[in-house]
Amino acid sequence: MPHLESLVLCREAQVSTLQTLFGERNHFSFPSIFIYGHTASGKTYVTQTLLRTLELPHVFVNCVECFTLRLLLEQILNKLSRLSSSEEGCSTEINCETFNDFVRLFKEVTQDENLKNQTVYIVLDKAEYLRDMEANLLPGFLRLQELTDRNVTVLFLSEIIWEKFRPNTGCFEPFVLYFPDYSIGNLQKILCHDHPPEYSADFYAAYINILLGVFYTVCRDLKELRHLAVLNFPKYCEPVVKGEASERDTRKLWKNIEPHLKKAMQTVYLREVSSSQWEKLQKDDTDPGQLKGLSAYTHVELPYYSKFILIAAYLASYNPARTDKRFFLKHHGKIKKTNFLKKHEKTSNHLLGPKPFPLDRLLAILYSIVDSRVAPTANIFSQFPLLISSHTTHSLSRFRAILAWSLLLRPSVSRRPLHAEEPVPPHVRTCVSTRVREAPRIHQAKATCRQSRVRRQGRRPLDAPAQLQGVVAAERAHLPASLAPLCRQETAKPSGFLLSVIRVWASL
Amino acid sequence: MSNRKSKNNLLHGESLLQIQRILRERFCHQIPHSNLFGVQVQYRHLLELLKRTAIHGESNSVLIVGPRGSGKTMLINHALKELMEIEEVSENVLQVYLNGLLQINDKIALKEITRQLHLENVVGDKVFGSFAENFSFLLEALKKGDRTSSCPVIFILDEFDLFAHHKNQTLLYNLFDIAQSAQTPIAVIGLTCRLDILELLEKRVKSRFSHRQIHLMNSFGFPQYVKIFKEQLSLPPEFPDKLFAEKWNQTVQGLSEDKSVREVLLKHFNVSKNLRSLHMLLMLALNRVTASHPLMTAADLMEAAQLCSMDSKANVVHGLSVLEICLIIAMKHLNDIYEEEPFNFQMVYNEFQKFVQRKAHSVYNFEKPVVLKAFEHLQQLELIKPVERTSVNSQREYQLMKLLLDNTQIMNALQKYPNCPTDVRQWATSSLSWL
């Protein structure tokens, strides 16, 4: 039907399949139909439009909304009773607690004159949540035609394939229909469909082309693309509005919009900024580099000891406990030249993620890396809560036990190069860089800071005291001579430049 | 000429509607058809049992066991229909239908039995202690006098294995107990798809059960399958438009002898013997019959078979974006190198970066959060799955996952992937970096 085709674009095959499946009003149809496809591929829209246009009696229920058995069943029954008795106005709400009652009440409701000889359709959207509800719900709905002995068809719409739904002992297999994803041509057609009337269709089509060129490799979700198209169109039209370029000046328009779209991918696409912030930014016409997303607010300047605590925590998470004696003791005794890294540690620790550690180990490392004598007073301990994620809202009295369990302190360190607006004190930089860089790669000799005595004995080139001195000295006066070559070497390799970027979640 | 054609079409239209109605009832609504294929022996056995309960007052219990779609419900319905045609039975015998999917515990089951036996007025204000007392009161209420003239009751328990999961299996115990002892004559017929049903029963329930089992094992061969196919599609002789029915039946005969159709049927038969899948195939082929295409052809059946046997995971991979495909290829390489050990996002990102850092591929140099969003989309589609349940305390990037696609599926999907960039495709075939 032509009206339907204009409403539903690029889905002719699926619409015709569904229409033939539904058949005549009073004919039986397949007891259950399972429709799957990617998100935003039109499953909900096509089904709803088709059922409404053909005016078939149907009930549409979303399983995310009705997350318990009772909510789901009652909503179906209430909507059905409203369908059947449309003249009487609002009838009483039906109570239904079990599937058994549902079948019984369903039989009663469909005996009504309006619904008697037609196929009733029950559409369950987001059907993957049915798997998490009671176990008899999914097999029951698949067989609803048989259990109620009425002309009813249940449609399941889902993103997940049917094989993941099947119960263990089997069930009544539904008819599985696939809604294919839109090709790039189809996407263009649909996106061009909602062009604002002030501009020509060609102008908008050129804009959509540019947008798809930037975003198509990353995202094919129609909803996201539509959102991005609507948000960025005013910026695209800006040169035309201001009179700087005509509608056909594609090159100029492209130069204007392209950095904007790239910035959008890092912010609006990731929901780091809200759409209203984005629109405000466009109106203010500031440089897109100035925009600060959500993650920008997680970089804070910490007090002195907190920085050291964080470094100690980082070292404790990424160095295995066996190596502590070697790194952090002044006199660590005779250590054999064994194969330093165990076999399972050969995979870089940075790929496996930080490991938990007990609190006393953290404190021990802390005392060893801070030069001056650190008294274990409340000044130190009070800085811990600041660094702990807000996932755990435990009281301070249980503090130690929690840290001993210690799944908390996991600073994530990114390897981004230094940004201009985030100055990190050089002593922090060197301390982290020397410590962690050396730990896994013990056997590599370092050109600087090695002592020949150490070398002859086959020990690790960087001896602990020398390192500590280096760190402390760096703190007092920026980059003393002995450490300068080391630091220079580190900074020479931008990809290996370690930096502690601390993410602090919302405070307790 | 066109007038006649349109009149033909009109007549056809009417007959086609009729055909659609009849065939849809047959395929979708599972009306018991007259022929029982290969289950004649079991049918007679069952009927004999039911007659003994209904007419002679002998209590019996039997289990009908067979895989899904082998015709258990159809068999019992057929038997009951024939039983009810006997005069002396129809006014005496009561039937109770219970289904394991609906009655999920014994309380609901008891209420349902009460309702189906129309005993609500009797039970009304009586409150009893135990299930057994309640139940025996119900059955007592059916007594019309002495034992020989009380109403036999036939209990049909569908999805019998689900009843075995109830607490203490009370309902089953009481039913079998009454069947064993000399009380009201009842027949308990259980239908289940599990072959190991007897292991699910408790010892005391099993000992009261008569261990009588009827197996429906779909024991027909391919020639019989073709015969069934022909019979299912043929129209019954009572069809009003005799001429069209004759033509239709001839077409069906031709189809059953056609080579390509036989191939399709053989493929279908090799996958699954049961009649439900055959019905789905026929229903799909029936959908293509319209007024302009009034007779079914072999092409219809082949198209229907193709629709039935689609690989759904390949379809899902077809709709992914290029970045997500790159991530899947990175995971494939990780699986090859580390032999199916679970990976996390950080490892996948590393592998992806190795690909990106080759000179020509900087177009894929996306930011890490964008790649993480693509990774999470894959998780949402259930193409990758966490190895253990998500714990709130571990970071998302380091959570171990595994990929639910294997190498052949990935390579097949890549072949069909539209506009796949050549460098991505080359990367998929080998992960060596010097290429």
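For a residue to count as touching a neighbouring chain, one of its non-hydrogen atoms must lie under 4.5 Å from one of that chain's; by this rule B/Asn315 touches chain A with backbone and side chain alike. Heavy atoms closer than 4.5 Å to chain B are found nowhere in A/Tyr182, neither backbone nor side chain. For chain B, no part of A/Leu177 is nearby; none of its heavy atoms comes within less than 4.5 Å. Contact annotation for B/Glu159: only side-chain heavy atoms (C-beta onward) come within less than 4.5 Å of a heavy atom of chain A. Of the atoms belonging to B/Met283, it is side-chain heavy atoms, and not backbone ones, that fall under 4.5 Å from chain A. Contacts between B/Leu286 and chain A at a heavy-atom distance below 4.5 Å are absent for every atom of the residue.
Per-residue counts of heavy-atom pairs under 4.5 Å with chain A were compared for B/Ile108, B/Leu323, B/Asn287, B/Val322; the largest is that of B/Asn287. Contact tally against chain A (heavy-atom pairs below 4.5 Å) for B/Thr73, B/Val371, B/Leu284, B/Leu162: the top residue is B/Leu284. In terms of heavy-atom pairs under 4.5 Å with chain A, the best-connected choice from B/Val316, B/Asn419, B/Leu400 is B/Val316. With respect to chain A, the highest number of heavy-atom pairs below 4.5 Å among B/Glu324, B/His318, B/Lys368 belongs to B/His318. Ranking B/Cys326, B/Pro67, B/Pro369 against chain A, the residue ahead of the rest is B/Pro369, based on heavy-atom pairs under 4.5 Å. Of the listed residues (A/Thr169, A/Thr39, A/Asn151, A/Thr153), the greatest number of heavy-atom pairs within a distance under 4.5 Å of chain B belongs to A/Thr169. For the options B/Tyr97, B/Tyr417, B/Tyr349, B/Phe345, heavy-atom pairs under 4.5 Å to chain A are most numerous at B/Tyr417. Of the residues considered (A/Cys171, A/Ser183, A/Ser16), A/Cys171 shows the highest number of contacts with chain B, using heavy-atom pairs under 4.5 Å.
Sorted by first then second residue, the side chain to side chain donor-acceptor pair (under 3.5 Å) pairs that include residues 22-32 of chain A, not counting sequence neighbours, are A/Arg25-A/Gln118.
Residues A/Phe172 and B/Arg68 fail the side-chain proximity criterion, which asks for heavy atoms closer than 4.5 Å. Contact annotation: the side chain of A/Tyr269 approaches that of B/Val370 to within less than 4.5 Å [non-hydrogen atoms, C-beta and beyond]. No side-chain heavy atom of A/Thr20 sits less than 4.5 Å from a side-chain heavy atom of B/Arg288. Side-chain atoms of B/Leu102 and A/Phe102, non-hydrogen and from C-beta on, never get closer than 4.5 Å to each other. Counting heavy atoms from C-beta on, the side chains of B/Phe366 and A/Val218 come closer than 4.5 Å.
Between B/Glu367 and A/Lys262 no salt bridge is recorded (no basic side-chain N to carboxylate O distance below 4.0 Å).
Annotation: the span from B/Leu307 atom CG to A/Thr17 atom OG1 amounts to 7.5 Å, rounded to 0.5 Å. Here the CG-NZ distance, from A/Asn100 to B/Lys107, works out to 12.5 Å after rounding to the nearest 0.5 Å. Atom CZ of residue A/Phe99 and atom CG of residue B/Leu101 lie 7.5 Å apart, to the nearest 0.5 angstrom. Of the inter-residue distances, the one linking B/Arg24 atom CZ with A/Phe28 atom CZ reads 11.0 Å to the nearest 0.5 angstrom.
Contacts between residues 135-142 of chain A and chain B, counted as heavy-atom pairs separated by less than 4.5 Å, involve A/Asn136, A/Pro139, A/Gly140.
Of all heavy-atom pairs spanning A/Cys219 and B/Ser321, the tightest one is N-CB, 3.9 Å.
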Test side-chain contact (heavy atoms from CB on, under 4.5 Å) on B/Met310 and A/Tyr178; report intermediate values, then the result.
CA-CA 9 Å; B/Met310 273 194 309; A/Tyr178 173 56; 3.9 Å; yes

If you apply the rule side-chain contact (heavy atoms from CB on, under 4.5 Å), what do you find for B/Leu320 with A/Arg220, and how did you get there?
CA-CA 7 Å; B/Leu320 295 176; A/Arg220 292 197 180 172; over 6 Å; no

A/Glu128 and B/Gln380: side-chain contact (heavy atoms from CB on, under 4.5 Å), yes or no, with the steps?
CA-CA 11 Å; A/Glu128 55 259 25; B/Gln380 194 192 349; over 6 Å; no

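When atom types are taken as modelled, the side chain of A/Lys164 and the backbone of B/Glu382 share a donor-acceptor pair closer than 3.5 angstrom.
By the side chain to side chain donor-acceptor pair (under 3.5 Å) test, B/Ser70 is found to be paired with no residue, residues two or more places apart in sequence or in another chain being considered. Partners of B/Arg194 according to the salt bridge (charged side-chain N to carboxylate O under 4.0 Å, His left out) rule, which considers only residues two or more places apart in sequence or in another chain, are B/Asp196.
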